[in-house]
Amino acid sequence: MNAFLADLMVAIHVGYVGYVVIGQVLIMIGWPLGWQWIRNIWFRGTHLAAIGFVAFEEAIDMRCPLTVWEEHFRELAGQPISGETFLSRFLHNLIFIDLPSWGYTAVHLGMAALVLLTFFLCLPRVRKTRTPEQKPI
């Protein structure tokens, strides 16, 4: 069970990173193409919050909880940090590349700056709700 939970933590981590990275790529492609869905306030707000949490972790020198939990479950399962199954090693290697610690800081803060800049240059839109007096006839 602990090995499964460790693999689950890696899968969630990959999903989290993918949401931030792929979301940003789609915003940057969709902006000049006029894709309206990229301006959805819920998408943009959660996207900014996701990378904002990562930047906050960097600012206070906090280890990612998903990494801490994964390592905890791997230790309980008696596994190496990168896991023993092909899938767990593959997922682990997707997000943990060989960088010095300052490299991770630069990537995390740089991505946060890019997301924040894009947030204000390509503003999200709040859907207007109609009052009963504004119903179409």
Side-chain angles (χ1 to χ4, degrees):
M1 184 60 159
N2 289 319
F4 169 76
L5 291 173
D7 289 349
L8 180 62
M9 290 300 108
V10 176
I12 291 169
H13 209 162
V14 168
Y16 190 98
V17 171
Y19 181 67
V20 172
V21 173
I22 294 169
Q24 184 62 31
V25 168
L26 291 173
I27 291 166
M28 293 177 74
I29 291 170
W31 181 14
L33 294 177
W35 296 349
Q36 291 304 305
W37 70 268
I38 63 147
R39 293 181 181 263
N40 178 286
I41 189 68
W42 291 105
F43 167 58
R44 297 295 295 281
T46 58
H47 187 250
L48 182 62
I51 193 63
F53 182 73
V54 173
F56 173 74
E57 288 175 330
E58 286 292 341
I60 66 168
D61 198 28
M62 175 181 152
R63 291 193 70 218
C64 176
L66 294 171
T67 302
V68 172
W69 293 333
E70 178 206 351
E71 290 173 356
H72 173 72
F73 290 127
R74 293 247 182 257
E75 185 179 312
L76 291 175
Q79 292 183 339
I81 297 296
S82 63
E84 291 184 341
T85 65
F86 168 77
L87 185 59
S88 66
R89 282 193 310 274
F90 175 74
L91 292 175
H92 196 271
N93 291 336
L94 276 177
I95 58 174
F96 293 106
I97 56 177
D98 191 23
L99 287 176
S101 63
W102 64 264
Y104 278 105
T105 300
V107 168
H108 293 154
L109 296 180
M111 188 66 176
L114 178 62
V115 170
L116 186 62
L117 179 66
T118 308
F119 189 87
F120 287 108
L121 291 177
C122 178
L123 291 170
R125 294 205 175 106
V126 178
R127 215 170 141 189
K128 295 178 184 176
T129 58
R130 295 181 189 163
T131 62
E133 298 84 35
Q134 295 174 322
K135 282 190 176 178
I137 301 176

Report the distance from atom [atom1] of [X] to atom [atom2] of [Y], rounding to the nearest 0.5 Å.
X	Y	atom1	atom2	result
L48	F120	CG	CZ	7.5 Å
Q79	R74	CD	CZ	5.0 Å
L116	H47	CG	NE2	11.5 Å

For [X], all residues meeting side-chain hydrogen bond (donor to acceptor under 3.5 Å, both in side chains), sequence neighbours excluded:
X	value
Q24	T118
Y104	none
E71	R63

Heavy atoms from other residues, nucleotides or ligands near [atom1] of [X] exceed 12 (cutoff 6.0 Å):
X	atom1	result
L117	CG	yes
E75	CD	no
W37	CH2	yes

(message) Main chain of L123, side chain of R39: is a donor-acceptor contact present, judged purely on distance under 3.5 Å?
(response)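 Side chain of R39 to backbone of L123: a pair is present.
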Within a strict 4.5 Å, meaning less than it, do heavy atoms of the [X] and [Y] side chains meet?
X	Y	answer
C64	F53	no
V54	V20	no
L8	H13	no

Are [X] and [Y] connected, step by step, through hydrophobic side chains (Ile, Leu, Val, Met, Phe, Trp, Tyr) whose heavy atoms are closer than 4.5 Å?
X	Y	value
V115	V107	yes
I38	L121	yes
V25	I95	no
F90	I22	no
Y19	F56	no

| said: Please give me the minimum heavy-atom distance between A50 and Y16, naming the atom from each residue. | reply: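 Looks like O-OH, 2.7 Å.
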Closest heavy-atom pair, A3 versus A77, reported as atoms and distance to 0.1 Å, is N-CB, 3.6 Å
Run the side-chain donor-acceptor check on residues 26-35: report pairs under 3.5 Å with partners two or more places apart or on a different chain.
none

Query - Contacts of type side-chain contact (heavy atoms from CB on, under 4.5 Å), residue N40, not counting sequence neighbours - result: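 Applying side-chain contact (heavy atoms from CB on, under 4.5 Å) to N40 gives W42, F43.
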Residues at least two apart in sequence or cross-chain that pass side-chain contact (heavy atoms from CB on, under 4.5 Å) with F73, listed by chain then number, are N2, L5, A6, M9, W69, L76
